[in-house]
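All remarks here apply to the structure that follows.
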2 protein chains.
Amino acid sequence: MPKGGQNVTSPVTQKLRGFGSLDARSEAWLLEAVQCDVRSVPPRVDLLRQGEGTGSLHVLLEGWSIRYKTLEDGRRQILSVLLPGDIFDINGHLAESMDHSIATLTSASLGVLADDFLDMARARHPDLEKLLWCDMHVSAAIQRDRSTSLGQRTARERMAHILCELYLRQRSVNRSSGHRCAFHLTQTELAELLGMTPVYVNRTLQDLRREGLIQLEQKCLTVLDFDRLQELALFDAGYLRICESDGGADSHRENAHAV
Amino acid sequence: MPKGGQNVTSPVTQKLRGFGSLDARSEAWLLEAVQCDVRSVPPRVDLLRQGEGTGSLHVLLEGWSIRYKTLEDGRRQILSVLLPGDIFDINGHLAESMDHSIATLTSASLGVLADDFLDMARARHPDLEKLLWCDMHVSAAIQRDRSTSLGQRTARERMAHILCELYLRQRSVNRSSGHRCAFHLTQTELAELLGMTPVYVNRTLQDLRREGLIQLEQKCLTVLDFDRLQELALFDAGYLRICESDGGADSHRENAHAV
DNA sequence: CGGAAGGTTGAGTCCTCTCAAATGATGTGG
DNA sequence: CCACATCATTTGAGAGGACTCAACCTTCCG
């Protein structure tokens, strides 16, 4: 969606800019690299499969995907949700086989980066390289929060927590309007993400709706009362390291968990 | 325990060698760097605290530690167990504050690496740098497996799984003899790690004991029937990327999940 | 020896699951 | 444009895995 002529609003650059300053030259180079080899993928397709070989660095430009892991007997855990702007398989070359899978949920558009991308970034765009590591660091923090949810939070809290996370993460790449954002997980997928049963997911969602916290229908989430939702979830946005910056000029942090 | 005069068996080098070949020069340099600033820490002390500033790269040389995260209301999730040879806070400089804490369980000995360690490794010991990223990659895989456990496995399975993991990880750094290894988690800590209640941990352990799978007493774990334990846990050791190599000569993989 | 921490046991409860079926969306082809 | 198949959501009733509370026992250590 090139608006006003310049396509500076790629979700990737937008996300990375949230982690720190990015030289205009580096940003241009990144945009170039990302759009060099773009692929369109239909919904519900495995991009990388557990046990098989690894791939190169990918950037999700549009659509939703998931990272998941299956047990021998078929049970499946969704580890995290990948949103536009998310980078994955950043260290693929380090392993000979995947310990998990990655699949699209919706139809998606994918930037496949050249094999020497990281080396080039390291050599010529150190500021960009740093932001890439930051991104990786945030992904790890999200993963830790997911573990914490699964281990400590009740079903209601887990549900509230994931809704907060997905809402804010989309907002940080301009994928929200007002208090609404897309939501491409089915209740069954939510169940696999939150470690509960589809039936119970349904009941938990109805609870949250009944209490006027959210609205969720037709792949669209409306957060009616973010404060109460956040409170219920024991949600602390600090780990997302999201800086609120719209035009790119100011960058007053709103959700940071300052010391 | 310098055996035969040379202390080449630091748990770090041992662990890294499992991920790939390490030049003798790099190894010597690593040993040097790690033993340059060694600190002894008493049991049950926070090394790094959630919300506070980050530290530099650390290597756990001896003893057990944990990575954990606390919710506002006090609930605590132990994210992972750190064993001798484990590296942590590898990307500390990327964040301004910790999203989780790290604490010792036992008295521990800790190698604190110089700030330019990674840069030096990158410049002069690329083989070592690669193994460090491998290690980070394996840590992430362990974290993913933890999420999978918490989300999909039953209490019994989770318990069996963590026992398999801790046993194998210790074995990979020569911290086991026969089918026995140290075990420095109390039942309460196991509960915080597995997302269950201390009382239920106790009952689950008794189940496993009754079935002749394990023995656990006095901070010592004996795995009586690894095969059945592994089967019960739906444990797949592939993600640990452990190569079996004793004297350093051969390296027949035993637990690898070959394609 | 006494206190504290960890481990064990019992009984009752409830959060979450299972099974099953009905209803509502979505999409495809004739 | 309807009929059909498929998938997603919803609802009900019953069962059970894991939790809570509380007491008691054991080990450890100053």
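To find a chain, count down the sequence lines: A is the first, B the second, and so on, and within it residues start at 1.
No salt bridge links R241(B) with D99(A); every basic N to acidic carboxylate O contact stays at or beyond 4.0 Å. Ion pairing of E62(A) with R175(A) is present here, as a side-chain N (NZ or NE/NH1/NH2) and a carboxylate O approach within less than 4.0 Å. A salt bridge is defined here as a Lys NZ or Arg NE, NH1 or NH2 lying under 4.0 Å from an Asp or Glu carboxylate O, and E192(B) with K69(B) fails to meet this definition. Between E231(B) and R156(B), no side-chain nitrogen of the basic residue sits less than 4.0 Å from a carboxylate oxygen of the acidic one, so the salt-bridge criterion is not met.
Separating the CG atom of L150(B) from the P atom of dA18(D) is a distance of 13 Å, rounded to the nearest angstrom. In this structure, Q152(B) places its CD atom 10 Å from P of dC17(C), rounding to the nearest Å. Rounded to whole Å, atom P of dG7(C) lies 10 Å from atom CZ of F183(B). For the pair L208(A) CG and dT10(D) P, the computed distance is 12 Å after rounding to whole Å. Between the CZ atom of R153(B) and the P atom of dC17(C) there is a distance of 17 Å, given to the nearest Å. Rounded to an integer number of Å, the gap from R210(B) CZ to dT9(C) C1' is 12 Å. Rounding to whole angstrom units, CZ of residue R44(B) and P of dC29(D) are separated by 12 Å. Protein atom CD of Q187(B) is 15 Å distant from nucleotide atom P of dT26(D), rounded to whole Å.
Between the side chains of Q143(B) and S147(A), at least one donor-acceptor pair of N or O atoms lies under 3.5 Å. Remark: the Q14(A) side chain and the N174(A) side chain contain an N/O donor-acceptor pair separated by less than 3.5 Å. A donor atom on one side chain and an acceptor atom on the other are found under 3.5 Å apart for H161(A) and D145(A).
Heavy atoms of other residues, nucleotides or ligands lying less than 6.0 angstrom from CZ of R209(A) number more than 12.
Across all strands, R209(A) comes closer than 4.0 Å only to sugar-phosphate atoms, never to a base (heavy-atom distances). Among the atoms of the strands shown, none is found under 4.0 Å from any heavy atom of E217(B).
Residue-to-nucleotide contacts include no donor-acceptor pair under 3.5 Å from the side chain of R203(B) to the base of dG17(D).
When each of dG6(C), dT9(C), dT11(D) is scored by its nearest atom to the side-chain atoms of Q206(B), the top-ranked nucleotide is dT9(C).
At a non-hydrogen distance threshold of 4.0 Å, G195(B), M196(B), T197(B), V199(B), Y200(B) from residues 189-200 of chain B come into contact with DNA chain D.
Using bins of under 30°, 30° to 60° and over 60° for the plane-to-plane angle, the ring pair Y167(B)/F226(B) lands in the tilted bin.
Taking side-chain N and O atoms only, N202(B) has no distance below 4.0 Å to OP1 or OP2 of dG7(C).
An end-to-end axis angle of 50° holds for the helix from dT8(C)-dA23(D) to dG30(C)-dC1(D), taken from five base pairs per end and rounded to 10°.
Summary of the strand contacts: R158(A) and Q218(A) both lie near DNA chain C, and taking for each the nucleotide with the nearest heavy atom, the more 5' one is attributed to R158(A).
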